[in-house]
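Basis for what follows: all heavy atoms, side chains included, without hydrogens, waters or symmetry-related copies. Just so it is clear: chains get the letters A, B, ... in the order the sequence lines come, proteins before strands, and each one is counted from 1.
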2 protein chains.
Amino acid sequence: MTSYGQFCPVAKAMELLDERWTILVVRELLLGSRHFNELRRGVPKMSPALLTKRLRGLERAGVIRRAEVGGRSTYTLTDMGQELHQVVMALSVWGTRWIGELGDADLDPHLLMWDIHRSMPIEAWPRRRTMIRFRFHDVIGKAGTWWLVVDAGRPQVCDFDPGYDLDADIASDLRTLTEIWRGDIGWQDALRDNRIEIDAPAAISRAVPGWIGQSTAAAVARPA
Amino acid sequence: MTSYGQFCPVAKAMELLDERWTILVVRELLLGSRHFNELRRGVPKMSPALLTKRLRGLERAGVIRRAEVGGRSTYTLTDMGQELHQVVMALSVWGTRWIGELGDADLDPHLLMWDIHRSMPIEAWPRRRTMIRFRFHDVIGKAGTWWLVVDAGRPQVCDFDPGYDLDADIASDLRTLTEIWRGDIGWQDALRDNRIEIDAPAAISRAVPGWIGQSTAAAVARPA
DNA sequence: CTGTATCCATGGCGATACTG
DNA sequence: CAGTATCGCCATGGATACAG
């Protein structure tokens, strides 16, 4: 966090925020993560040592507050941190509009499922326990299959079969579901082009896109 | 610009924007700088080699466009770059509200005069050529004295005496004028406490704060 | 679960000087 | 005016293993 040697508020803000990973940690906190390993799931490629360092830095700066609640470390945003919402939103809108291209390295099934499960519209799901399986046919090994369960109004991701009844089975490549989730393409277009397939009774098949939805950024208008 | 390995638009945006100095260069372009040495004045502590590198990076990313106009290199923001205005604004607001403390290293007379001259309300100045001298009594040597001239509606900073008639003579320490400019303190309070002094005929003395004004960020409401 | 502790390589970036 | 060229440091952060 070297100083820019400028009195400008933008420079002072960036002294804190331009360090690698910092904004992404803030994003996770804004999305509701409060514990160390919860945060890690949102920034899986970040080393735990560095995450600790960033959390300490944000705490020193007054952006977050750390507390032990029932023996667990709990990180919460202060008012100062909460207001970074405007900054993260502006970045999200700009990134959505202007950085369309994703490299293969940007795709990550675990991260995708984690992101979907925490911000999909569960109120659209049936009241009963419901389970969907996802299969990414271009991802080899264990990371190619995932289960999404909504039980008692609580969403859950699994990388193993929980053993419940399957309501729908979805197959696509990783890029397709990522692009659908980001709103780069629509469910209907992807289904029509057979880039994604939903195997389920007709009524459920029609409902599933509404269960999963799209990320909040998907609603951002794209440049003409 | 190492990848974060995330499809999230915030992550993709930060891959470009979290590199040191990048946002400050964009800020300069948003404020109207278009040429290399003009940009340098806004980021004086940045090495020219690094500025070149950042400009190339921003060009590759599509944020700016470079052209030779009349044998001069000219950098302009594309639509993509123009929309970073929202991001820079959000950072400016947040920085203004929450990063109040300035270290001595954040103070820079040249930068302050440059910033004042390019965004002060010249329409408030007299029609005739008008000149003000600034003296920072805590800054030793040449950098302690500055002249601000508005002539034919065009503002100009000098670090030498242009030799015109002096309309007002302002004295303060560097921190005081910086804080006034940022809006951390008001002109009236600073004058009352003798933290700044204006030597001029009474009518002009009263008018000068309105001539200089405050930076646009000064209008941002501070947290209670 | 929530971190620490090392270690190491890389390359970013600061400083300075120079050029067409 | 608008950059190049070089150099070298040191801090950043990636990787991995381990601990209370």
What is the distance, rounded to the nearest whole Å, between atom [atom1] of [X] and atom [atom2] of [N]?
X: B:Leu55; N: D:dG3; atom1: CG; atom2: P; value: 8 Å
X: B:Leu51; N: D:dA5; atom1: CG; atom2: C1'; value: 16 Å
X: A:Phe36; N: D:dG20; atom1: CZ; atom2: P; value: 17 Å
X: A:Arg40; N: C:dT2; atom1: CZ; atom2: P; value: 11 Å
X: B:Arg66; N: D:dA2; atom1: CZ; atom2: P; value: 10 Å
X: B:Glu68; N: C:dG20; atom1: CD; atom2: P; value: 17 Å

Of all residues at least two apart in sequence or in a different chain, which pass the ring pair (Phe, Tyr, Trp, His ring centres under 6.0 Å) check with [X]?
X: B:His110; value: B:Trp146
X: B:Tyr4; value: A:Trp21
X: A:Trp147; value: none

Would you mind classifying the nucleic acid contact of A:Thr52 as base, sugar-phosphate or nothing, using non-hydrogen atoms under 4.0 angstrom?
-> base
Could you check whether B:Arg72 gets within reach of a base, just the sugar-phosphate, or nothing at all, counting any heavy atom under 4.0 Å?
-> sugar-phosphate
Kindly give the atom pairs (protein nitrogen or oxygen, nucleotide nitrogen or oxygen) under 3.5 Å for nucleotides 13-19 of chain C.
{"residue": "C:dC13", "atom": "OP2", "partner": "B:Arg54", "partner atom": "NH2", "Å": "2.6"}
{"residue": "C:dG14", "atom": "OP1", "partner": "B:Arg20", "partner atom": "NE", "Å": "2.6"}
{"residue": "C:dG14", "atom": "OP1", "partner": "B:Arg20", "partner atom": "NH2", "Å": "3.2"}
{"residue": "C:dG14", "atom": "OP2", "partner": "B:Trp21", "partner atom": "NE1", "Å": "3.4"}

Is there a donor-acceptor contact under 3.5 Å linking the side chains of B:Thr145 and B:Arg135?
-> no
When you check the side-chain N and O atoms of B:Thr22 and B:Arg54, is any donor under 3.5 Å from an acceptor?
-> yes
Quick one: bend of the helix from C:dC1-D:dG20 to C:dG20-D:dC1 from 5 pairs per end, to 10°?
-> 60°
Out of B:Arg129, B:Arg128, B:Arg133, which residue meets the side chain to side chain donor-acceptor pair (under 3.5 Å) rule with B:Asp167?
-> B:Arg128
Between A:Asp184, A:Asp106, A:Asp104, which is the residue that forms a side chain to side chain donor-acceptor pair (under 3.5 Å) with A:Arg175?
-> A:Asp104
Side-chain N or O of [X] closer than 4.0 Å to phosphate OP1/OP2 of [N]:
X: B:Tyr75; N: D:dG3; value: yes
X: A:Arg34; N: C:dT2; value: no
X: A:Arg56; N: C:dT4; value: yes
X: A:His35; N: C:dT2; value: yes

Would you be so kind as to tabulate the donor-acceptor pairs closer than 3.5 Å made by side chains of residues 120-127 of chain B, with sequence neighbours excluded?
{"residue": "B:Trp125", "atom": "NE1", "partner": "B:Trp211", "partner atom": "O", "Å": "2.9"}

Do other residues, nucleotides or ligands put more than 12 heavy atoms under 6.0 Å from the CZ atom of A:Arg195?
-> yes
